[in-house]
Amino acid sequence: MRGSIATPGATTVRYGGNTSCIEYRSGGEIIILDAGTGLRALGQSLLKEFKGKPLNLTLLLTHTHWDHIQGLPFFAPIYNPRCRLRILGCEGARTGLVAALTGQMESTYFPVPFAKLPSNIEIEELKDFNFDIGPVLVRAQRANHPGMCVGYRLFSPDGIITFFPDVEPRADGVDQAMVDFLRDADVMIHDSQYDRAEYKKHIGWGHGCVDDSVALALQAGVKQLCLFHHDPDHDDKCVDEFVKHARQLVAKRKSKMKVDAAREGMVIQLGGKIVMKRN
Ligand SMILES: [Zn+2]
Ligand SMILES: [Zn+2]
């Protein structure tokens, strides 16, 4: 949930310092959203849970900025021959997706080359922005962010989640396409890196602010907003303030929408029951 770079330390321990990584389960499918540094701990917990049984995973990448792919070389299941991993994402900004992902495992950066991995990995560039993963209907949409970047909408009988870890609101008023894409989500996980004043100093950087995320979520009628991509310079107290501010905005509009900030190990049960758990 952290943006830009991992930030371990005493001041970020409650929300966590790892970068973008979400696990979504529905209908027997395990879908991972982004491969930030949080992917390492997810890999450990999957191996522990499946204890040598075959693992069939899908990884959806929003884009290839470091904070969204750096966990991949440290994802233990890729060293397991019984793991099958399908990676889907848009092309890297200048090189293809395969080059972007295998490049970070070249010997300059990492000791194990991608070609030597014993697991079965398929990397596919998104050709179609509408596809299915088992019973889960997936839609992708371009995000306003430097380079090629998308967000996802996952729809299953369990509910709808949307995931835009890196996105800046478009300058020209209501973004109707975005409102429609987010419409009625049970959980909207959304870039809320800045407060209003900080955002004014970072226009064009490709990230959004809490006030705009709340406004967008209310327009789209979502049930729960999850603030995401916390700034590396924001400590836990600052994120607490963002949550407080967002809840005040929601209360002013007399809405029942829930707001939380994403935190490490947070579990959301679709269907309204929220369970919080520490890793
Ligand atoms: Zn990012
Ligand atoms: Zn980015």
Side-chain angles (χ1 to χ4, degrees), residues 1-9 12 15-24 32-42 59-75 87-97 99-101 103-104 109 125-126 129 140-153 161-171 175 178 181-182 187-195 198-199 201-210 212-213 216 225-235 238-239 242 261-264 266:
M1 60 271 116
R2 188 66 50 178
S4 312
I5 190 167
T7 53
T12 56
Y15 288 99
N18 279 310
T19 65
S20 185
C21 183
I22 300 277
E23 180 193 21
Y24 173 88
I32 301 163
L33 297 162
D34 273 351
T37 63
L39 185 64
R40 191 188 65 81
L42 174 59
L59 168 60
L60 301 179
L61 294 173
T62 57
H63 63 315
T64 57
H65 284 165
W66 272 344
D67 50 324
H68 301 259
I69 63 166
Q70 263 181 336
L72 189 59
F74 301 92
F75 185 48
I87 304 176
L88 289 152
C90 45
E91 70 220 55
R94 298 176 71 176
T95 58
L97 184 61
L101 296 180
Q104 70 167 346
Y109 310 108
E125 287 185 8
L126 290 177
F129 276 28
Q141 176 160 290
R142 280 291 299 269
N144 182 26
H145 188 72
M148 272 297 288
C149 181
V150 295
Y152 291 101
R153 177 183 174 96
I161 75 159
T162 60
F163 181 61
F164 278 88
D166 293 41
V167 63
E168 180 170 355
R170 300 204 185 266
D175 182 346
M178 187 59 124
F181 193 82
L182 302 169
V187 182
M188 166 179 158
I189 303 165
H190 214 82
D191 184 342
S192 309
Q193 180 155 344
Y194 305 123
D195 66 19
E198 288 169 329
Y199 175 61
K201 290 185 210 139
H202 295 92
I203 288 172
W205 286 44
H207 298 289
C209 72
V210 182
D212 289 337
S213 296
L216 190 60
L225 169 65
C226 223
L227 309 178
F228 201 78
H229 213 270
H230 311 318
D231 192 281
D233 291 334
H234 289 170
D235 60 13
C238 178
V239 180
F242 277 28
R263 70 174 75 201
E264 189 135 359
M266 181 180 187

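Below, each value reflects all heavy atoms present in this structure, side chains not excepted, and no hydrogens, waters or symmetry copies. Along the sequence shown, residues are numbered consecutively beginning with 1. Whatever order the structure lists ligands and atoms in, that order sets their numbers, starting from 1.
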Using the side-chain contact (heavy atoms from CB on, under 4.5 Å) criterion, which residues pair with D231? Sequence neighbours excluded. Q193, Y194, D233, H234

Among the N/O/S atoms of H229, select the one at the shortest distance from the Zn ion (ligand 1) and name it. NE2

Exactly one of H230, H145, H190, H65 clears ring-ring contact (aromatic ring centres under 6.0 Å, His included) with H207, and that residue is H145

Assess the side chains of D67 and H229: does a donor N or O sit below 3.5 Å from an acceptor N or O? yes

By side-chain contact (heavy atoms from CB on, under 4.5 Å), which residues pair with S192, not counting sequence neighbours? V210, S213, L227

Is the gap between the ring centers of F164 and F181 under 6.0 Å? yes

Sort by chain and number the protein N/O/S atoms found under 2.8 Å from the Zn ion (ligand 2). H63 NE2, H65 ND1, H145 NE2, D166 OD2

Return the set of residues passing ring pair (Phe, Tyr, Trp, His ring centres under 6.0 Å) with W205 (not counting sequence neighbours), or none when no residue passes. H202

